[in-house]
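Worksheet for the structure shown next.
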Amino acid sequence: MVDMGMFRDEVAGWAADGSGRAAGELAELLGVHTAVLLEGLSDLAAVEALAARRERDLAGEGVCVLSMGGAMSVGRYAGILGAPGLGLRLIGLCDEREKPFYDRGLDPAWTPRPSVHVCAADLEDELIRALGTARVEQIVQEAGELRAWQTFVRQPAQHGRSRHQQLRRFLGTKKGRKIRYGRLLVEALAPEQVPAPLDDLFADL
C-alpha cells in the first residue's frame with residue numbers, strides 16, 4: 001500500500017543522490033502538494049503531535065512533513081521538492097540560528113513563495129516558555145525521569161543557570177529525549193499556549 005512514509009523514504013534517497021523517479025510517481029499518486037521542511041526528528045514529533053491534537057490528517061490533505069537531518073540540507077531538499085524539482089509548495093520551521101540556511105536554500109522568487117516560521121531560539125525553548133518551567137518539570141516527572149533531572153541540576157555546570165536554561169539543556173542530553181519531549185510537551189499545551197511559530201505553520205497549511 002502506497003503511503004506518505006514511502007514518499008518520505010524516496011525523497012531521502014533522492015537527497016542522497018538517488019534518481020528520484022519513484023518520488024515523483026508517489027507524489028502524484030498521493031496528491032502531495034505541500035512539503036514542510038523541518039530540521040530534525042524532534043520538530044517532526046512536535047508537528048505530528050499537534051496535527052493529532054487538532055485532528056488534522058496532513059498526509060490525507062496532501063501535506064508531507066519531513067525531517068531533513070539538519071538545516072544545512074535545506075538547499076538540497078528545496079531543489080528536489082520545490083520549483084526546480086517536483087514543484088511542491090514549501091513551508092519551513094527552523095531555529096533562529098539556522099534561518100540563514102533557509103534564506104540561502106529557499107528562493108523567494110519561486111511560485112508559490114516558500115514561507116518559513118522561525119522559533120526564537122529553538123522549538124524546545126518555545127515550548128518551555130509556553131508551558132512554564134513548573135509544568136515542564138511536572139511532565140519530566142510524569143515521564144519517569146525525575147531522578148535523572150534531579151541529578152542533572154546538581155551538576156556544577158548547571159549552577160547559576162535559570163530553570164528555563166536547565167530544562168532546555170536537559171532535553172538535549174540524551175539520545176532520543178528531544179524527540180520524546182517534542183511530543184509530550186505539545187500534548188500538554190492548552191490550545192491558547194501553542195507557540196506562535198508552530199501555530200502559524202498550521203495556519204499556513
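Look at Arg113 and Asp107 and you find no salt bridge, because none of the NZ, NE, NH1 or NH2 atoms lies under 4.0 Å from a carboxylate O.
Around CZ of Arg104, the count of heavy atoms belonging to other residues, nucleotides or ligands within 6.0 Å exceeds 12. Sparse packing is recorded around CD of Glu28, with 12 or fewer heavy atoms of other residues, nucleotides or ligands lying under 6.0 Å away.
A donor-acceptor contact shorter than 3.5 Å links the side chain of Ser162 to the backbone of Gln165. One N or O on the side chain of Thr151 and one on the backbone of Arg147 form a donor-acceptor pair closer than 3.5 Å. Between the side chain of Tyr102 and the backbone N or O of Gly75 there is no donor-acceptor pair closer than 3.5 Å. Distance alone, capped at 3.5 Å, places no donor-acceptor pair between the His117 side chain and the Phe202 backbone. Side-chain atoms of Glu126 do not come within 3.5 Å of backbone N or O of Pro197 as any donor-acceptor pair.
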Donor-acceptor pairs are to be reported for all side-chain atoms of residues 39-48 against protein atoms at under 3.5 Å, with residues two or more places apart or in another chain.
residue : atom : partner : partner atom : Å
Glu39   : OE2  : Asp95   : N            : 2.6
Ser42   : OG   : Glu124  : OE2          : 3.3
Asp43   : OD2  : Gly40   : N            : 3.3

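Paired with Thr173 under the rule side chain to side chain donor-acceptor pair (under 3.5 Å), one option of Arg169, Arg177, Lys175 passes, and it is Arg177.
Taking the side chain as every heavy atom from C-beta outward, His164 and Asp125 approach each other to under 4.5 Å. Leu205 is listed as a side-chain neighbour of Arg56, based on a closest heavy-atom distance under 4.5 Å. Looking only at side-chain heavy atoms (C-beta outward), Leu66 and Val36 stay at 4.5 Å or farther from each other. Proximity of Trp14 to Arg21: side-chain heavy atoms (C-beta onward) are nowhere separated by under 4.5 Å. Put simply, the side chain of Leu189 reaches to within 4.5 Å of the side chain of Arg53, judged on heavy atoms. Inter-residue side-chain proximity for Ile91 and Pro114 is flagged as unmet; no heavy-atom pair is nearer than 4.5 Å. Counting heavy atoms from C-beta outward, Val65 and Val63 have side chains that approach closer than 4.5 Å. Side chains of Val153 and Arg163 form a contact here, defined as non-hydrogen atoms less than 4.5 Å apart.
The cationic group of Arg154 does not satisfy the cation-pi geometry with Phe152, failing either the under 6.0 Å distance to the six-membered ring centre or the 45° limit from the ring axis.
Every side chain to side chain contact (heavy atoms under 4.5 Å, CB included) that Ala196 has, sequence neighbours left out, goes to Asp200.
Nearest approach of Ala23 to Leu86, heavy atoms of both residues: O-CD1, 4.3 Å.
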